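First the structure, in the form of structure tokens, and then the observations on it.
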Amino acid sequence: MSLLSDPRFAEALSHLADYLGSHLRVSIAALALGLAVSFPLALLARNRPTLRNLLLGIASVVQTVPGLALLALFYPLLLALAALTLRWFGLSFSAFGFLPAVLALALYSMLPVLRNTITGLNGVDPGLIEAAKGVGMTERQALLMVELPLALPVIMAGIRTAAVWVIGTATLSTPIGQTSLGNYIFAGLQTQNWVLVMFGCVAAAVLALAVDQLLAFIELGLRTRSRARVGSGTAAIALMVGASLLPSLGSSPARYAIGAKTFTEQYVLSALISERLQAAGLSATSRAGLGSSVIYEALKNGDIDTYVDYSGTLWANQFHHREQMPRAALLAALQQDLARDKITLLGELGFENAYALVMPRQKATALGIRTVEDLARRSRDMSIAGDYEFFSRPEWAALRDAYGLAFRTQRQMQPDFMYAAVASGEVDVIAGYTSDGLIAKYDLVVLDDPKHAIPPYDAILLVSPKRAEDHALQDALRPLLGRIDIATMQQANLRASGSDADSSPQAVARWLWSRIAK
Amino acid sequence: MLGPIGRALALPWEGEQRASFEIAKGRMQPTPLISYDRVHKTFAGPAGAVAAVDDVSLDIAEGEFLAIVGSSGSGKTTLLRLANRLIEPDGGSIRIAGEDISCLEPVALRRRIGTVFQNGALFPHMTVAANIGITPRLLGTAPKAVAARVDELLDLVQLDRAAHRNRLPDALSGGQRQRVGVARALAAGPRIVLMDEPFGALDPLTRDTLGSDYRALHAQLGLTTVMITHDITEALLLADRIAVMRSGHLVEAGTPAALAASREPYVAELMTTPRRQAARLAALLPESGAA
């Protein structure tokens, strides 16, 4: 089957206008802001060694921060700022998506622009600067007519480097709520859809190259003093930005935003919610691939309208409770916590996606291990693997302390590879998720937790404060409550981890609804 | 008085050049055009403050061609740059046509004075025409008038209009570049031209031609020229008067004849050099001496 006739390719293509447009908008805005700040700073700093070293030092430090972390840092920073402006001026702004992405990316673009502008200007022959003064130019005229034109190739090289960096790094703005070509990559990585990953990478690369070449064309125009070249190059970039605005202009403003975290189940559930809303005649858009810490704040601030979270996650990570409670009591307590943030807990979907220690059925039977208690007696000779956050989560500390677990080795892994690793015996136990379809696929067994060290993880539907009275939304979602059992969700997740046409989140969501509706 | 080279060359404007030069001489005013009065300038060096120009007083008459001679570090470049306020003095005053230049706007002052820089210092991203027309453009002259003026100047420095107008400096020879440099300095019709080692980097033949061509222009246009050179022979051949600088001091200033008679040891030593060279050259090239 050729790539072009692959249904996953067609699906990827259907999002291109939206993702590419958003990606371009955020990149160009960040570049423009970065330029507007760093260019005057470079002019100011070039003859002031202290300021110059300070600026270049700061810009270099910023550059060493991984792009993902820098973007993630801007979200809480802006949230705090928005809270302050609300208190002081009664004005707030959205700390979600576009703004933090633009600010972080602009900061990221500063180093090459600063460094190249300063280097370029300092590289101009001092004899020519003296000649510029000598023929009667003011300092400003000397800068505009002699220094900048001569430094232009070096400055433009800096701008082009910044453009390529920003367009590449913008793919990482998906987890803070900015739609970008990164949506392909994050979704593809989670659902093991390599066509989607490739599609995102290639699209970002093509965009970066196109902008780079346009900038090169403008540079050539500036150098040859060809207004036609500069004009058409600038017009081409303006046209790209204009075209990227078109899709969002055509959309109605009243649509609902549905959040999803960065794993398969969340993609499926957000597709399911989206489908329910559309069935009820409400337009919906998906904000997928959001970080765990970002998504709750985004709901609280009304940047998204609804999403599915898990009771234990909110209990331990969001509200920092340490005490353990049975399922129903925890939900009741959680509802009060949520009410303080004016968030509506619409109800449970019916299944739990809990962390659980998982091992191959055969091995467990052979060793006589049924519970975590049994496991603790042998853990000293065993190895365990968990996802990137598990070992730093309170659940792991609780589990470890309750049963006295001490493993020989402890490894972090991409969740999708964990199950294969434990099935093949590469590790002995994994911290898996109870709703994961791969548990059934690899014939693994979930160990009992008799001391209830791990809190319950009921999947719950949350609605944002601004939709608290929105009955149309809530009525459309209610049919989902209590209708998805663990076996159904496991099957759905297993389907979604496949690599055929039926494995897209939308297709799985349709399948899931057909099961629920029965 | 024309230099010997100027006399030997049959220049197209020989006649009028002589006439205008005589007129300029005749108009010479009692007050000098440029006047340095006890000027002092100190720079911070790695080993403490260095007096680059130390208590220098020097008058330059209108129409005069003055050469400032000295080895590198003697303060001759500083002295020149003080005249158009590329450097500000620490003490003393400089007057041009009776006006204290510290009271003039530096940018306006520089637009009124033509400057020829070492190696031309043409702006490499501008065409020959743009380089030449730069000062009139800065003064707000209309583009058409600037273009006409550029053509006039190309004629004046003996560069073919059509062949050179739109070329970039990199495409020119060293001699052509310095001709453009001279044209650029003359573009806004200055009375004063400052030249900083203008012909230093050129081959001897080009240098000789360019020097005498400029000498002719100086006379033809009634300019007042101050030229820096480290080459006493060049100074003797081109200038009416020579100022000798050494370690920031003005050792002596005078006509070639006056300097030749000087008892000052450095000046005397300096003046014997061209004679010694001429004698050796005469011995090496007897037939050249006969011609």
Side-chain angles (χ1 to χ4, degrees), chain A residues 39 43 46-50 116-160 215-231 233, chain B residues 77 80-81 83-87 104-127 129-141 166 168-170 177 180-190 192-198 200-201:
Chain A
F39 197 64
L43 293 184
R46 67 189 172 122
N47 293 325
R48 296 179 176 84
T50 322
N116 282 43
T117 305
I118 291 173
T119 310
L121 287 172
N122 286 354
V124 174
D125 179 3
L128 290 176
I129 298 173
E130 170 130 333
K133 279 191 195 163
V135 300
M137 290 185 195
T138 61
E139 275 193 33
R140 193 187 145 81
Q141 286 168 332
L143 182 69
L144 291 175
M145 298 171 80
V146 177
E147 293 175 80
L148 284 178
L150 290 177
L152 186 73
V154 183
I155 295 174
M156 283 303 286
I159 295 174
R160 287 168 61 184
L215 288 171
F217 187 74
I218 292 175
E219 180 191 344
L220 181 72
L222 286 170
R223 217 165 36 199
T224 55
R225 317 206 131 229
S226 154
R227 285 207 183 143
R229 282 205 181 102
V230 177
Chain B
T77 304
L80 191 80
R81 289 177 183 181
N84 62 0
R85 292 188 63 181
L86 286 173
I87 296 174
L104 300 173
E105 213 283 301
V107 171
L109 174 73
R110 288 178 206 136
R111 290 176 183 174
R112 279 169 48 196
I113 295 175
T115 308
V116 182
F117 297 90
Q118 224 163 358
N119 305 323
L122 301 182
F123 304 122
H125 59 298
M126 297 185 191
T127 60
N131 263 287
I132 295 176
I134 189 79
T135 308
R137 249 174 71 205
L138 293 171
L139 286 165
T141 311
N166 297 317
L168 286 172
D170 280 348
R177 237 175 281 165
V180 175
V182 169
R184 183 174 70 179
L186 297 178
I192 297 170
V193 176
L194 307 177
M195 306 179 98
D196 183 5
E197 298 261 16

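Worth knowing before you read on, the calculation uses all heavy atoms, side chains too, and leaves out hydrogens, waters and symmetry mates. The sequence lines fix the lettering, A, B, ..., with proteins before strands; numbering per chain opens at 1. All values derive from a computational prediction rather than experimental measurement.
Minimum heavy-atom separation, A/L128 to B/L122: CD2-O, 3.2 Å. Across all their heavy atoms, A/G127 and B/A121 have their closest contact at O-CB, 4.2 Å.
Counting heavy-atom pairs closer than 4.5 Å to chain A, the top residue among B/Q118, B/R112, B/R184 is B/R184. Among B/T135, B/L194, B/T115, the residue making the largest number of heavy-atom pairs under 4.5 Å with chain A is B/T135.
Of the atoms belonging to A/E139, not a single heavy atom falls under 4.5 Å from chain B. Using a 4.5 Å cut-off between heavy atoms, A/L150 touches chain B through its side chain atoms alone. Neither the backbone nor the side chain of B/R85 comes within contact range of chain A; no heavy atom of the residue lies under 4.5 Å from a heavy atom of that chain.
For the atom pair B/L138 CG and A/M145 CE, the distance stands at 5.0 Å (nearest 0.5 Å).
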Evaluate the criterion side chain to side chain contact (heavy atoms under 4.5 Å, CB included) for residue pair A/K133 and B/N84; output intermediate values, then yes/no.
-> CA-CA 10 Å; A/K133 279 191 195 163; B/N84 62 0; over 6 Å; no

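With contacts defined as side-chain heavy-atom distances shorter than 4.5 Å, the pair A/L152/B/H125 does not qualify.
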